[in-house]
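Here the structure comes first, spelled out in structure tokens, and everything after it is commentary.
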Amino acid sequence: MAEALRVLYVTSEVFPLAKTGGLGDVSSVLPSTLRQLGVDARILMPAYPDVIARLDARPVGAPVPTLPGLEPVQLFQGILPDAVPGALTPVYAIASPALYARSGGPYADDSGHDWPDNAIRFAVLSKVAALMGCGAGPDDWWPHIVHCNDWQSGLTPAYLALADSVRARSVLSIHNLAFQGNFSPDLMPALGLPWSCFHPRGVEFYGQISYLKAGLHYADHISTVSRSYAREIQTPEFGFGMQGLLVEANDRLTGIMNGIDALRWNPATDPYLAAPYSSEDLSGKLDNKRLLQARLALEPDPELPILALVTRLTYQKGVDLVLGLVDELLEQPLQWAVLGSGDKAYEAQWRALAEIYPGRVGVSIGYHEELAHLVEAGADLFLMPSRFEPCGLNQMYSMRYGVLPVVRRTGGLADSVVDITPRSLLDGAATGFVFENANREELRACLLRALLLYRDQATWRQAQLHGMRRDFSWAASAARYLELYRTLQPGWSSM
Ligand code: ADP
Ligand code: GLC
């Protein structure tokens with residue numbers, strides 16, 4: 001049997017161990033699906049509190065030296081809990097209590113302030129990945145491909161390219177170009193980087209060290225999470241200053257749409273629901289509506305459409321556009337169900353709306369995995385008026401759960417939601433409502449169109465069924481990553 005292609009998947013969050021957004025979801029299902037395709041994919045992540053215990057991990061090898069002046073770090077290895085059945089995905093966790101063992105989130109403390117030493121915390125992650133990619137890891141396993149994600153592992157391609165040894169090829173996936181990991185150039189020596197690479201054709205970006213820029217410059221290949229976003233980031237509107245570099249990198253840039261965890265997000269088997277349902281029998285959806293109304297203290301009325309949001313409450317997501325329409329839309333018979341956390345001002349505005357409109361606006365500020373599932377099961381419309389959206393997962397969860405998404409035509413939203421028109425209904429493609437520009441007027445018009453269609457339950461049902469029958473699973477996208485790895489390491493097959 002041919003030797004398997006070995007891939008190290010380097011990430012700062014992995015569901016269920018650590019998750020702040022879609023990257024956490026992607027990082028657990030993609031490597032596991034790759035394993036099902038015969039790739040020896042393994043994950044590398046920081047050992048945040050409880051990670052070692054939840055992985056039931058054991059130390060591997062001797063401590064590994066990382067950055068100048070830092071104590072070597074001990075790696076642990078365990079198996080990802082609750083992953084794709086049968087995949088048994090190994091996870092290497094970097095134990096450095098001084099850097100990672102603190103309560104709070106992966107990137108920020110409980111009040112939302114970034115950890116002041118994030119530059120070092122994620123340079124260590126990047127460095128360990130590069131060492132493993134050069135065969136200098138804690139054990140005798142070394143990868144052919146090091147697959148990095150976002151700025152947190154952006155220095156890995158730089159460390160690899162600067163290494164004086166045989167090395168793995170690198171892929172950097174962009175999940176969000178707005179987060180760049182830009183830090184003071186004074187850190188160059190602490191990062192163990194030579195000043196010769198503090199250069200526009202290196203790690204320098206407008207006078208700072210940029211981890212993302214470094215990754216984009218040095219990676220053998222760049223991928224991002226939808227075809228549309230791959231195009232958009234080459235323009236000034238979406239490029240956040242990196243569009244020039246991305247245009248130049250065009251021939252090593254690929255857009256591959258994310259899939260969803262089709263087992264965890266399945267209304268027929270979801271343990272968080274009041275009742276299961278499927279495209280064959282949607283009757284259970286009403287029980288979920290009732291439970292959602294009860295959970296969010298909404299009036300128990302099965303007739304009213306529920307408009308939902310589950311999101312980071314940020315400008316990127318167009319939360320301000322929605323907030324600006326809530327009063328006006330409440331002149332119609334409908335309810336709001338909102339779950340989110342993020343900008344304190346948005347949080348406060350949603351809380352205030354819930355107080356002004358008891359029984360009609362239900363709000364939960366915080367992060368609740370089970371409630372996120374129940375909102376998808378109980379709602380009718382799901383709003384994603386994002387200013388930009390590299391991929392977006394919730395529109396796919398929504399379609400799977402028979403909820404019609406209302407999205408701006410951008411990034412992965414454009415690539416996954418088909419606007420409802422007489423033509424697309426006839427084609428069997430219609431799944432939601434799409435508008436062009438991120439402004440209140442266009443969102444309003446789109447929502448009014450959606451609310452009008454809600455009165456035509458037969459057509460509504462048609463669109464629900466189209467969405468529920470689409471295949472959003474990872475199988476096809478994981479196969480595209482495998483193809484990409486093969487172009488970088490010709491000659492390596494899968495197990
Ligand atoms: P992003 O990564 O930009 O936040 P995605 O749509 O890719 O956007 O992924 C968001 C993920 O985080 C989804 O799985 C969504 O259900 C989840 N999520 C976002 N906010 C919350 C919340 N407050 N509670 C529970 N899950 C949330
Ligand atoms: C980012 C993007 C989101 C994408 C997710 C996973 O957080 O904002 O659009 O779905 O990464 O790739």
Within residues 358-371 or reaching into it, pairs that qualify as salt bridge (Lys or Arg N to Asp or Glu O under 4.0 Å) - sequence neighbours excluded: Lys19-Glu369

Distance (rounded to the nearest 0.5 Å) between Leu172 CG and Thr156 OG1: 9.0 Å

Spacing of CG belonging to Leu453 relative to CG belonging to Leu404, to within rounding of 0.5 Å: 7.5 Å

Considering all heavy atoms, the nearest Val73-Ser96 contact: CG1-CB, 3.8 Å

Side chains of His217 and Val203 in contact at under 4.5 Å (non-hydrogen atoms): no

side-chain hydrogen bond (donor to acceptor under 3.5 Å, both in side chains) against Ser279, all qualifying residues, sequence neighbours excluded: none

Student check: side-chain heavy atoms of Tyr92 and Val128 closer than 4.5 Å: no

Rounded distance [0.5 Å steps], OG1 in Thr254 versus CZ in Arg227: 9.5 Å

Tyr277 and Asn288: CA distance, side-chain angles, deciding distance, side-chain hydrogen bond (donor to acceptor under 3.5 Å, both in side chains) verdict: CA-CA 10 Å; Tyr277 62 96; Asn288 291 298; 5.4 Å; no

Test side chain to side chain contact (heavy atoms under 4.5 Å, CB included) applied to Leu17 and Leu80, step by step: CA-CA 8 Å; Leu17 304 170; Leu80 184 66; 3.9 Å; yes

Flag side-chain contact, heavy atom, 4.5 Å: Thr431 against Ser416: no

Qualifying salt bridge (Lys or Arg N to Asp or Glu O under 4.0 Å) pairs with a residue from residues 447-474, counting only residues at least two apart or across chains: Asp419-Arg449

Between Ser12 and Tyr107: side-chain donor-acceptor atoms closer than 3.5 Å: yes

Minimal non-hydrogen separation, Gln293 against Asp301, with atom names: NE2-O, 2.9 Å

Note, Val10 side chain near His147 side chain (heavy atom, < 4.5 Å): no

Gap between atom CD1 of Ile306 and atom CG of Leu298 - 0.5 Å precision: 6.0 Å

Check: Leu296 and Trp336 side chains under 4.5 Å, non-hydrogen atoms: no

Side-chain heavy atoms of Leu309 within contact of Phe382, under 4.5 Å: no

Candidate pair Thr269 and Leu263, rule side chain to side chain contact (heavy atoms under 4.5 Å, CB included), full reasoning: CA-CA 8 Å; Thr269 52; Leu263 290 177; over 6 Å; no

Distance, nearest 0.5 Å, that separates CD1 of Ile120 from CG of Leu191: 5.5 Å

Where Leu292 and Ala379 come nearest, the two heavy atoms and their spacing: CD2-N, 4.0 Å

Which residues share a side-chain hydrogen bond (donor to acceptor under 3.5 Å, both in side chains) with Gln180, sequence neighbours left out: Asn182

Pairs touching residues 105-123 that satisfy salt bridge (Lys or Arg N to Asp or Glu O under 4.0 Å), sequence neighbours left out: Arg102-Asp117

Contact list for residues 226-246, test ring pair (Phe, Tyr, Trp, His ring centres under 6.0 Å), sequence neighbours left out: Phe240-Phe388

Shortest non-hydrogen contact from Leu313 toward Gly340: CD1-C, 3.7 Å

Closest non-hydrogen atom pair, Pro305 against Leu451: CG-CD2, 4.0 Å

Working for salt bridge (Lys or Arg N to Asp or Glu O under 4.0 Å), residues Arg264 and Asp270: CA-CA 7 Å; Arg264 206 180 303 280; Asp270 191 329; over 6 Å; no

Side chain proximity check, Tyr211 to Phe179, heavy atoms < 4.5 angstrom: no

Side chains of Ser223 and Ser173, donor plus acceptor under 3.5 Å: yes

Electrostatic pair Glu442:Arg408 at N-O distance under 4.0 angstrom: no

Candidate pair Thr421 and Ser424, rule side-chain hydrogen bond (donor to acceptor under 3.5 Å, both in side chains), full reasoning: CA-CA 5 Å; Thr421 62; Ser424 64; 3.1 Å; yes

Closest heavy-atom pair and its distance - Asn266, Ala262: CB-O, 3.4 Å

Pairing residues for Glu204 by the side-chain hydrogen bond (donor to acceptor under 3.5 Å, both in side chains) criterion, not counting sequence neighbours: none

Output side-chain donor-acceptor pairs under 3.5 Å for residues 343-355, partner residues at least two apart or in another chain, one line each.
{"from": "Glu347", "atom 1": "OE2", "to": "Gly342", "atom 2": "N", "distance (Å)": "2.8"}

Residue among Val247, Leu216, Leu246 satisfying side-chain contact (heavy atoms from CB on, under 4.5 Å) with Ile233: Leu246

Approximate separation, where rounding is to 0.5 Å, of Leu321 CG and Leu323 CG: 9.0 Å

Centroid separation Tyr397 to His373 less than 6.0 Å: no

Any side-chain donor near an acceptor of the partner, Arg480 and Ser477, under 3.5 Å: no

Test side-chain contact (heavy atoms from CB on, under 4.5 Å) applied to Thr11 - qualifying residues, sequence neighbours left out: Tyr9, Val14, Leu23, Ser27, Ile43, Asn149

Check against side-chain hydrogen bond (donor to acceptor under 3.5 Å, both in side chains), Glu13 and Thr20: CA-CA 7 Å; Glu13 50 183 275; Thr20 69; 2.7 Å; yes

Selection residues 420-461 - residue pairs positive for ring pair (Phe, Tyr, Trp, His ring centres under 6.0 Å), sequence neighbours left out: Tyr454-Trp460

Heavy-atom side-chain contact between Ser226 and Pro390 under 4.5 Å: no

Lys127 vs Leu155, side chain to side chain contact (heavy atoms under 4.5 Å, CB included): CA-CA, chis, key distance, verdict: CA-CA 7 Å; Lys127 183 69 184 187; Leu155 286 186; over 6 Å; no

Thr89-Ser32 side chain donor-acceptor pair, cut-off 3.5 Å: yes

Sequence neighbours excluded - ring pair (Phe, Tyr, Trp, His ring centres under 6.0 Å) pairs with any residue from residues 408-428: none

Phe122, Phe205, Trp151 screened by ring-ring contact (aromatic ring centres under 6.0 Å, His included) with Phe183, the one that passes: Trp151

Any donor-acceptor N or O pair under 3.5 Å, side chains Glu389, Thr410: no

Test side-chain hydrogen bond (donor to acceptor under 3.5 Å, both in side chains) applied to Asn176 - qualifying residues, sequence neighbours left out: Gln316

